[in-house]
A.B. asks: 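Provided herewith is a single structure, encoded as C-alpha cells, for subsequent inquiry.
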Amino acid sequence: MSEKELRRSMAVLPIGTVMKLTSLTARQIRYYEKNELVFPNRSEGNRRLFSLNDIDRLLEIKDFLADGLNIADIKRVFKEREQKLQNDLSDTQMRRLLRDELLQTGRLSDDPGPVFPIKRV
DNA sequence: GTTCTGACA
DNA sequence: TGTCAGAA
C-alpha cells in the first residue's frame with residue numbers, strides 16, 4: 001500500500017469535522033453507520049474517528065441518496081464495487097504468475113523488445 | 001465543549 | 001430525521 005493510500009485510510013477526524021466537510025448531520029452519519037454503509041474507527045473514549053476515505057464514502061452516499069437510491073441499493077453498489085476490486089486483484093496476480101512462467105521458460109528476457117503484446121503489470 | 005446511545009411529545 | 005436526556 002502506498003503512503004498516499006495509507007494517509008487516506010488514517011482515521012483521525014472527529015464527527016464534528018466530518019459534519020462540516022460533508023454537510024451531513026451527526027444523526028445522518030450515525031444512521032449510515034448503523035446500516036453498515038460506513039465503518040469509522042473508534043477512539044479509546046468510544047468516539048468515532050473517520051478517514052478521508054470515509055469522507056468520500058459519505059459524500060457518495062449523499063449523492064446516491066439524492067439520486068433516489070435507498071440504503072439497500074447503496075449497500076449493493078459498494079458490495080459490487082468490492083467484488084470487482086477482488087476480481088481485478090486476482091487478475092493482476094494471474095498475469096504475474098503467467099509472466100513469471102514465461103520468464104523461467106526463457107521466452108521473455110529482462111529486455112525482450114517488441115515480441116508480442118503482453119501487458120506487464 | 002464535544003460526542004455517545006436510546007427514545008419519542 | 002430532528003431533538004432531548006443522561007452519561008462519558
Side-chain angles (χ1 to χ4, degrees):
Chain A
M1 194 181 274
S2 72
E3 292 181 41
K4 187 179 177 184
E5 294 169 345
L6 273 173
R7 273 194 277 274
R8 290 190 58 66
S9 61
M10 283 200 272
V12 295
L13 310 172
I15 198 169
T17 302
V18 178
M19 288 173 66
K20 294 172 184 170
L21 263 36
T22 63
S23 294
L24 290 170
T25 65
R27 177 83 161 81
Q28 292 174 306
I29 297 171
R30 294 182 186 122
Y31 178 72
Y32 303 151
E33 184 195 25
K34 174 166 283 185
N35 285 281
E36 303 177 277
L37 257 37
V38 287
F39 310 92
N41 289 355
R42 292 290 181 135
S43 69
E44 291 185 18
N46 196 37
R47 295 182 138 165
R48 274 169 265 255
L49 293 177
F50 301 80
S51 67
L52 293 178
N53 283 326
D54 291 326
I55 301 291
D56 290 339
R57 186 113 165 165
L58 287 168
L59 257 19
E60 279 195 279
I61 294 172
K62 196 179 171 188
D63 287 338
F64 286 140
L65 251 27
D67 286 333
L69 303 194
N70 58 44
I71 280 70
D73 293 331
I74 300 175
K75 209 165 177 179
R76 292 194 199 92
V77 173
F78 288 148
K79 201 171 187 179
E80 291 174 13
R81 177 178 297 177
E82 235 175 89
Q83 190 60 51
K84 234 172 205 179
L85 198 64
Q86 284 303 119
N87 289 331
D88 288 353
L89 281 178
S90 57
D91 187 48
T92 67
Q93 287 168 177
M94 189 203 71
R95 291 187 180 187
R96 238 172 229 139
L97 285 177
L98 177 57
R99 185 204 58 182
D100 291 346
E101 283 298 313
L102 293 175
L103 276 173
Q104 284 187 248
T105 312
R107 302 269 280 106
L108 230 51
S109 65
D110 286 350
D111 182 25
V115 184
F116 47 74
I118 290 184
K119 184 175 293 181
R120 289 206 249 181
V121 186

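Chain identifiers are assigned alphabetically (A, B, ...) following the order of the sequence lines, protein sequences preceding nucleic acid strands; residue numbering begins at 1 within each chain.
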A.B. asks: Is A:Val18 close to A:Asp54 at the side-chain level, that is, under 4.5 Å between some pair of heavy atoms?
C.D. replies: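 No - every pair of side-chain heavy atoms lies 4.5 Å or more apart.
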A.B. asks: Taking for each residue the nucleotide of DNA chain C with the nearest heavy atom, is it A:Arg47 or A:Leu65 whose nucleotide lies nearer the 5' end?
C.D. replies: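 Of the two residues, A:Leu65 wins.
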A.B. asks: Considering just the side-chain nitrogens and oxygens of A:Thr25, establish if one lies under 4.0 Å of OP1 or OP2 belonging to C:dG2.
C.D. replies: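 True: A:Thr25 side-chain N/O within range (under 4.0 Å) of C:dG2 OP1/OP2.
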A.B. asks: Which whole-number value in Å describes the distance from A:Arg42 CZ to B:dC4 P?
C.D. replies: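 Interatomic distance, CZ of A:Arg42 to P of B:dC4: 6 Å.
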A.B. asks: Suppose we define a pair by two distances each less than 3.5 Å, Watson-Crick or G-U wobble; what does C:dA8 pair with here?
C.D. replies: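 Pairing partner: B:dT2.
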A.B. asks: Looking only at heavy atoms, which two atoms of A:Ser9 and A:Met1 are closest? And how far apart?
C.D. replies: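 Minimum heavy-atom separation between A:Ser9 and A:Met1: OG-SD, 4.5 Å.
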A.B. asks: Rounded to the nearest angstrom, tell me the gap between atom CG in A:Asn46 and atom P in B:dG6.
C.D. replies: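 Result: 10 Å.
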A.B. asks: What is the separation between atom CZ on A:Arg27 and atom P on B:dT5, rounded to the nearest whole Å?
C.D. replies: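 Interatomic distance, CZ of A:Arg27 to P of B:dT5: 12 Å.
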A.B. asks: Whole Å only: how far is the CD1 atom of A:Ile29 from the P atom of B:dT2?
C.D. replies: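 Roughly 15 Å, once rounded to whole Å.
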A.B. asks: From CD of A:Glu33 over to P of B:dT5, roughly how many Å is that when rounded to an integer?
C.D. replies: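 A:Glu33 atom CD is separated from B:dT5 atom P by 7 Å.
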A.B. asks: Could you state the atom-to-atom distance from OH of A:Tyr31 to P of B:dT3 in whole Å?
C.D. replies: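 Result: 22 Å.
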A.B. asks: If we only count heavy atoms from C-beta on, is the A:Leu97 to A:Gln93 side-chain gap below 4.5 Å?
C.D. replies: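 The answer is no; the side chains never approach within 4.5 Å.
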A.B. asks: Please tell me which of A:Lys34 and A:Gly16 maps to the more 5' nucleotide of DNA chain B, matching each residue to the nucleotide holding its nearest heavy atom.
C.D. replies: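 The residue closer to the strand's 5' end, by nearest nucleotide, is A:Gly16.
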A.B. asks: Any base atoms under 4.0 Å from A:Tyr32, or only sugar-phosphate, or nothing? Heavy atoms, all strands.
C.D. replies: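 Counting heavy atoms under 4.0 Å across all strands, the contact made by A:Tyr32 is with sugar-phosphate only.
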A.B. asks: If you draw a 6.0 Å radius around OH in A:Tyr31, do more than 12 non-hydrogen atoms from other residues or ligands fall strictly inside?
C.D. replies: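 Not more than 12 within 6.0 Å, no.
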A.B. asks: Considering only side-chain heavy atoms of A:Ile15, which listed nucleotide, B:dT5, B:dA7, B:dT3, is closest?
C.D. replies: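 So the side chain of A:Ile15 is nearest to B:dT3.
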A.B. asks: Which whole-number value in Å describes the distance from A:Arg30 CZ to B:dT2 P?
C.D. replies: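 Taking atom P of B:dT2 as the reference, CZ of A:Arg30 is at 13 Å.
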